[in-house]
Amino acid sequence: MSDTYDHKEIEAKWRKKWQEDGIYKTEEDSSKPKYYCLDMFPYPSGDGLHVGHPKGYIATDIVSRYKKMNGFNILHPMGWDAFGLPAENYAIKNKIHPRIAVEQNIERFKKQLELLGFNYDWSREINTTDPSYYKWTQWAFIKMFEKGLAYESNEPINWCPSCKTGLANEDVEDGKCERCGTVVEKKPLRQWVLKIREYADRLLSDVEKLDWPESIKESQRNWIGKSEGAEVIFKIKDSDLEVPIYTTRIDTIYSGTFIILAPEHPLIDSLMDKIENSELVEQYRNDVSKIEDKDRTTLEKEKTGVELKGVIAINPATKEEVPVWIADFVLFQYGTGAVFADAHDQRDFDLAKKYNIPLKVSIVPNNEEREDVEKLNTCFEGEGILINSEEFDSLSSAEARPKIIEKLEKEGLAKKATNYKLRDWVFSRQRYWGEPIPIIHCQKCGPVAVPEADLPVKLPEVDSYEPTGTGESPLANISEWVNTKCPKCGGEGKRETNTMPQWAGSSWYYLRFEDNKNDSALVDKEKEKYWSSVDLYVGGAEHATRHLIYARFWHKFLFDIGAVNYDEPFTKLQHVGLINASDGRKMSKRWGNVINPDDIVETLGADTLRVYEMFMGPFDQGVSWSEDGVVGPRRFLEKVWKLKNKISEENNSDEIEKILHKTIKKVSEDISSMSFNTAISQMMILTNALEKEDFVNKENYKTLILLLAPFAPHITEEINIQMGNTEYLCNQKWPEYDLSKIEEKNLKIGVQINGKLRGVIEIEKGFNEDQVKKIVENTPEVVRWLEKKTISKFIYIPEKVISIVISE
RNA sequence: GCCCGGGUGGUGGAAUUGGUAUACACGCACGACUUAAAAUCGUGUCCCUCUGGGAUGCGGGUUCGAUUCCCGCCCCGGGCACCA
């Protein structure tokens with residue numbers, strides 16, 4: 001037996017053996033319960049992995065090994081999300097075709113992952129850029145098209161002038177391109193859009209049944225942004241035209257003294273012949289169109305607007321004639337793009353004060369505080385008591401709302417309405433490196449889906465894959481590819497040249513792992529029934545409103561067309577906290593603070609890296625890498641290694657047995673709850689205890705090795721074989737604990753006097769209050785506090801604490 | 001502004017159906033081994049005016065007892081936001 005722990009030799013040896021014996025290959029086996037444990041698959045960047053990337057992968061590796069040892073059939077796969085802008089930009093920068101770059105980067109990533117000893121079943125590897133994969137991404141798109149969920153639109157969209165492509169709402173952060181930080185412009189562009197809004201209600205309500213972190217669920221609720229209110233109709237005087245207005249505060253309708261349209265509102269064009277100051281109006285609309293969205297939506301900006309002179313609307317409740325304004329703070333994309341304005345909204349209030357538009361009060365907080373509001377000295381935005389509201393006077397806001405809707409509904413002037421912030425998903429990109437959208441445009445038939453038999457529509461080779469910037473993808477230049485026949489009428493057709501966004505392939509990849517070689521279906525329904533849903537999904541919280549919404553939408557659609565058996569893809573989600581550099585900053589080439597896992601594997605070993613990353617702190621919390629800290633886990637593994645030399649057939653003390661069984665219990669529970677840090681500290685406690693013994697019982701040692709195996713698979717496998725066992729640890733049974741060995745016969749209980757701990761006594765389990773009291777009375781360290789005092793209360797909380805209250 | 005999560009030693013952190021706060025690890029100090037160093041092992045390590053007192057962001061409250069529950073704040077991280 002070699003005495004030094006040579007991690008390099010041991011890890012290389014077992015990596016090779018595991019691979020040769022194919023022990024991580026997963027087969028369907030309906031006799032066993034399944035466990036599907038999934039990582040968010042990476043985009044294979046050119047920089048390779050840094051030490052933060054594997055944190056989530058280590059966790060799923062531990063959980064899946066643990067589940068396997070507990071008799072589950074596990075699915076733990078890995079693949080590559082390789083389409084999209086970053087891959088393409090990397091390729092352009094390095095003057096290399098994206099396909100080649102992706103191949104190289106995948107190779108590098110895979111090597112790095114293999115060094116860490118993961119139990120991935122590589123026979124199920126997938127790659128979103130593989131035509132046999134994106135065939136099914138295209139297939140799903142066609143199904144959506146057939147169901148009317150994919151449509152063409154010409155509305156102005158977010159355009160990133162640097163990435164030279166349109167973007168979805170989700171890709172814009174604070175008015176900037178999420179990818180490159182460039183300020184996004186509005187650009188009218190023909191594009192493909194998916195009707196994710198049709199799923200808004202289900203996406204929202206089903207959030208409740210997910211075992212996900214509350215923060216992510218909350219983000220999704222906010223992003224979907226459901227609000228309930230009413231739609232009211234303001235008719236335009238002397239015309240057939242009317243303005244539908246969405247409001248959540250119909251209780252303020254009696255103070256609606258004017259209405260405001262978004263400057264983009266198309267109704268304005270129909271009103272042009274009535275508008276007396278059309279020049280001014282046009283100028284305002286023009287000015288607004290030039291302001292970037294980001295600036296337009298800052299609260300600090302002073303309110304501006306222009307009245308549409310000559311246009312009069314009728315308030316449906318008061319029947320009063322009210323002026324019509326346009327103002328840029330009214331957003332065309334939200335609600336109906338029009339609001340009724342009153343003294344109970346700060347923005348309307350400010351605008352009215354500035355331009356001397358008449359205001360009226362219809363809500364007051366209560367009778368005591370009504371004076372200031374009524375004098376219009378202040379804008380009251382809250383809910384309160386109605387005044388000046390005919391029969392609704394003296395009702396509360398909440399009481400009045402349904403009643404006002406009811407009344408106006410009878411006149412056909414209002415109805416209940418619901419609104420969402422969620423916008424439909426802008427799905428086309430004017431770039432090369434994505435799935436071609438499988439549509440053929442025909443002059444006669446319009447857009448026609450490519451027949452299923454002709455899928456995949458392969459991404460053609462091009463000379464230049466750089467973006468054109470014109471709003472056309474580079475594919476538009478390949479006429480032999482673009483020009484084709486219409487599948488419907490056989491006439492001349494042109495292929496759609498836009499490609500899909502990066503999020504397309506990742507919206508359903510988890511299904512493909514269940515059946516990655518199927519050429520006749522996206523996934524076999526029987527296999528899907530067995531493996532789905534994903535039991536544990538681990539990844540970064542930054543995907544809360546992008547990937548995790550898109551995937552849920554995509555999945556619900558597949559459920560609706562009968563392609564899958566369940567209506568949610570991920571049962572349990574756990575997010576992984578980032579690992580920052582030791583300076584607290586994000587690891588980045590720019591700061592020169594990147595730590596490469598390969599280096600740690602070389603110097604300290606993969607097992608040490610694994611244990612350290614799990615020991616650093618709570619799994620879902622961010623932490624900074626510590627050069628000093630990483631030696632702790634290394635010392636721990638060395639201690640475990642050295643215990644080999646003390647193996648004996650003799651039994652250890654009851655005290656050791658107790659710690660051992662406690663450890664089995666704690667490690668089992670902590671893996672299930674993903675509290676890896678405390679599982680490791682408990683194993684450290686056991687190891688420290690064993691170290692102090694003269695010998696270590698062989699079975700006890702074996703138990704420790706089994707518990708540690710999911711965390712540190714290499715070193716434990718080596719110890720296992722050195723102990724004379726031939727079966728791989730991952731195929732062995734997880735240890736069970738014996739509660740009777742954990743339970744204490746004697747308990748140490750604290751004694752509090754007036755709330756302060758004054759001593760600790762030892763009692764036998766099951767002692768009653770009198771017995772306990774007797775012991776207390778014979779404990780000098782406690783009794784000295786009781787001299788010359790009266791005991792007014794003696795409380796014994798069984799097996800927990802004694803609390804004595806005394807007075808002079 | 002609204003919503004979600006968090007605040008504990010020099011550092012990462014542990015402990016919550018209300019019951020002995022500071023487990024485990026790092027760092028540091030001292031000691032053993034060594035010609036010496038590294039490694040390893042051992043001891044100590046919340047603070048103070050230390051027979052005692054104080055401390056889980058701050059201020060109150062409930063309780064025999066509060067890191068845990070309630071009320072009012074402060075700070076940090078995240079989501080949403082001229083959203084009608």
Side-chain angles (χ1 to χ4, degrees), chain A residues 173-174 213-227 229-230 245-250 252 259-260 262 296-301 303 327-331 333-342 344-348 350-351 381 419-421 541-542 544-545 575 577 582 611-612 615-618 620-633 635-636 638-639 642 675 677-688 691-692 747-761 784 792-806:
Chain A
E173 257 173 20
D174 197 23
E214 191 49 42
S215 60
I216 294 196
K217 296 212 275 189
E218 189 63 15
S219 292
Q220 294 220 338
R221 289 185 203 109
N222 284 341
W223 189 260
I224 294 165
K226 182 177 184 172
S227 81
I245 284 174
Y246 175 74
T247 178
T248 54
R249 289 299 303 276
I250 198 154
T252 65
I259 68 173
I260 313 173
R296 187 170 155 183
T297 54
T298 45
L299 285 147
E300 293 79 33
K301 214 179 116 225
K303 302 284 171 280
D328 65 353
F329 67 83
V330 176
L331 304 175
Q333 314 88 276
Y334 188 77
T336 57
V339 299
F340 74 77
D342 56 51
H344 299 294
D345 180 290
Q346 191 68 51
R347 297 156 298 176
D348 303 345
D350 293 345
L351 190 77
E381 290 189 297
N419 234 301
Y420 300 93
K421 285 179 204 160
E542 69 273 16
T545 55
H575 67 235
S582 47
V611 172
Y612 176 56
F615 184 62
M616 289 173 88
D620 60 352
Q621 200 173 296
V623 268
S624 296
W625 185 264
S626 160
E627 293 288 346
D628 289 333
V630 71
V631 304
R635 287 179 192 154
F636 164 58
E638 279 174 7
K639 280 184 198 175
K642 282 185 194 152
S675 313
N677 53 335
T678 48
I680 292 166
S681 80
Q682 184 61 40
M683 287 188 281
M684 286 173 169
I685 290 170
L686 174 62
T687 304
N688 291 343
E691 204 191 17
K692 289 192 172 65
L747 299 168
K748 280 182 180 157
I749 296 246
V751 181
Q752 294 177 355
I753 295 175
N754 282 359
K756 290 207 170 69
L757 185 73
R758 294 306 186 188
V760 177
I761 61 163
R784 50 184 278 251
S792 53
K793 250 183 203 178
F794 185 96
I795 300 164
Y796 172 52
I797 309 293
E799 295 173 33
K800 296 220 164 133
V801 80
I802 295 154
S803 189
I804 302 170
V805 188
I806 56 170

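This is a predicted model, so every value here is computed, not measured.
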For atom [atom1] of [X] and atom [atom2] of [N], their distance in whole Å:
X      : N     : atom1 : atom2 : answer
A:Y612 : B:C24 : OH    : C1'   : 14 Å
A:I680 : B:C24 : CD1   : C1'   : 10 Å
A:H575 : B:G77 : NE2   : P     : 16 Å
A:K226 : B:G79 : NZ    : P     : 25 Å
A:H344 : B:A84 : NE2   : P     : 17 Å
A:M684 : B:G13 : CE    : P     : 15 Å
A:K421 : B:C83 : NZ    : P     : 8 Å
A:K217 : B:G78 : NZ    : C1'   : 17 Å

Is it the case that the side chain of [X] and the backbone of [Y] share a donor-acceptor pair, with hydrogens and angles ignored and the cut-off at 3.5 Å?
X      : Y      : value
A:T248 : A:G229 : no
A:D345 : A:E381 : no
A:D620 : A:H575 : no
A:Q220 : A:A544 : yes

Using a cut-off of 4.0 Å on non-hydrogen atoms, how would the nucleic acid contact of [X] be classed: base, sugar-phosphate, or nothing?
X      : answer
A:S626 : nothing
A:K639 : sugar-phosphate
A:D628 : sugar-phosphate
A:S681 : base
A:P633 : nothing

Worksheet, complete the sentence: Sequence neighbours excluded, the answer for side chain to side chain donor-acceptor pair (under 3.5 Å) partners of A:S227 is A:Y246, A:Y334
For the [atom1] atoms, the ones on [N] and on [M], what distance do you get once it is rounded to whole angstrom?
N     : M     : atom1 : result
B:C76 : B:G57 : C1'   : 10 Å
B:U17 : B:A66 : C1'   : 15 Å
B:G61 : B:A14 : P     : 31 Å
B:C75 : B:A38 : P     : 47 Å
B:C3  : B:U63 : C1'   : 32 Å
B:G10 : B:C58 : P     : 14 Å
B:G9  : B:U67 : P     : 14 Å

Practice prompt. Map A:P618 and A:I804 onto RNA chain B by nearest heavy atom, then report which one ends up closer to the 5' terminus.
Written response: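 Looking at RNA chain B, the more 5' nearest nucleotide goes with A:P618.
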Once salt bridge (charged side-chain N to carboxylate O under 4.0 Å, His left out) is applied, do any residues pair with [X], and if so which ones, sequence neighbours excluded?
X      : result
A:K226 : A:D201
A:E638 : A:R634
A:R758 : none
A:E627 : none

Ignoring backbone atoms, establish whether [X] has a side-chain N or O less than 4.0 Å from OP1 or OP2 of [N].
X      : N     : result
A:Y246 : B:A84 : no
A:N688 : B:A23 : no
A:K793 : B:C64 : yes

With rounding to the nearest 0.5 angstrom, report the [atom1] to [atom2] distance, [X] to [Y].
X      : Y      : atom1 : atom2 : answer
A:L331 : A:K421 : CG    : NZ    : 11.5 Å
A:I802 : A:Q752 : CD1   : CD    : 9.5 Å
A:I797 : A:I749 : CD1   : CD1   : 10.0 Å
A:K800 : A:L747 : NZ    : CG    : 11.5 Å
A:I224 : A:S219 : CD1   : OG    : 10.5 Å

Of the listed nucleotides ([options]), which one gets closest to any side-chain atom of [X]?
X      : options             : result
A:R635 : B:C41, B:U40, B:C24 : B:U40
A:K642 : B:U40, B:C24, B:C26 : B:U40
A:N677 : B:C83, B:U40, B:A14 : B:A14
A:K756 : B:G54, B:G27, B:C82 : B:G54

Output one line per pair: protein atom, nucleotide atom from nucleotides 48-52 of chain B, and distance, for all N/O pairs under 3.5 Å.
{"residue": "B:G52", "atom": "OP1", "partner": "A:R784", "partner atom": "NH2", "Å": "3.0"}

Can you find a pair of side-chain heavy atoms, one from [X] and one from [Y], that are under 4.5 Å apart?
X      : Y      : value
A:F794 : A:V805 : no
A:D350 : A:Q346 : yes
A:F340 : A:D348 : no

Can you name the atoms? Protein N/O to nucleotides 10-12 of chain B N/O, anything below 3.5 Å, with the distance.
{"residue": "B:G12", "atom": "O2'", "partner": "A:M616", "partner atom": "O", "Å": "2.4"}

Fill in: Residue list, side chain to side chain contact (heavy atoms under 4.5 Å, CB included) with A:P798, at least two apart or on another chain
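With neighbours one apart ignored, the set is A:Y796.
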Discussion item. Taking syn as a glycosidic torsion within 90° of 0 and anything else as anti, which one is B:G9?
Written reply: syn
Worksheet entry | Side-chain donor-acceptor pair present, A:N688, A:K639, cut-off under 3.5 Å | yes
Item to complete: Using a 3.5 Å limit on both pairing distances, list the dot-bracket string of RNA chain B from the 5' end; Watson-Crick and G-U wobble pairs count, crossing pairs take [ ], interstrand pairs take |.
Response: (((((((..(((......[....)))((((((.......))))))(((...)))..(((((..]....))))))))))))....
Worksheet item: Do A:Y420 and A:W223 have ring centroids that are under 6.0 Å from one another?
Response: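 No; A:Y420 has its ring centre 6.0 Å or more from that of A:W223.
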Using atom names, set out every protein N or O paired with an N or O of nucleotides 17-20 of chain B below 3.5 Å, distance rounded to 0.1 Å.
{"residue": "B:G19", "atom": "N2", "partner": "A:Q752", "partner atom": "OE1", "Å": "3.4"}
{"residue": "B:U20", "atom": "O4", "partner": "A:K748", "partner atom": "O", "Å": "2.7"}

What are the atom names and distances for every N/O pair under 3.5 Å that joins the protein to nucleotides 1-9 of chain B?
{"residue": "B:C3", "atom": "O2'", "partner": "A:E218", "partner atom": "OE2", "Å": "2.2"}

Atom pairs, protein N/O to nucleotides 42-44 of chain B N/O, distance under 3.5 Å:
none

Discussion item. Under 4.0 Å between a side-chain nitrogen and a carboxylate oxygen: does that hold for A:R221 and A:E214?
Written reply: yes
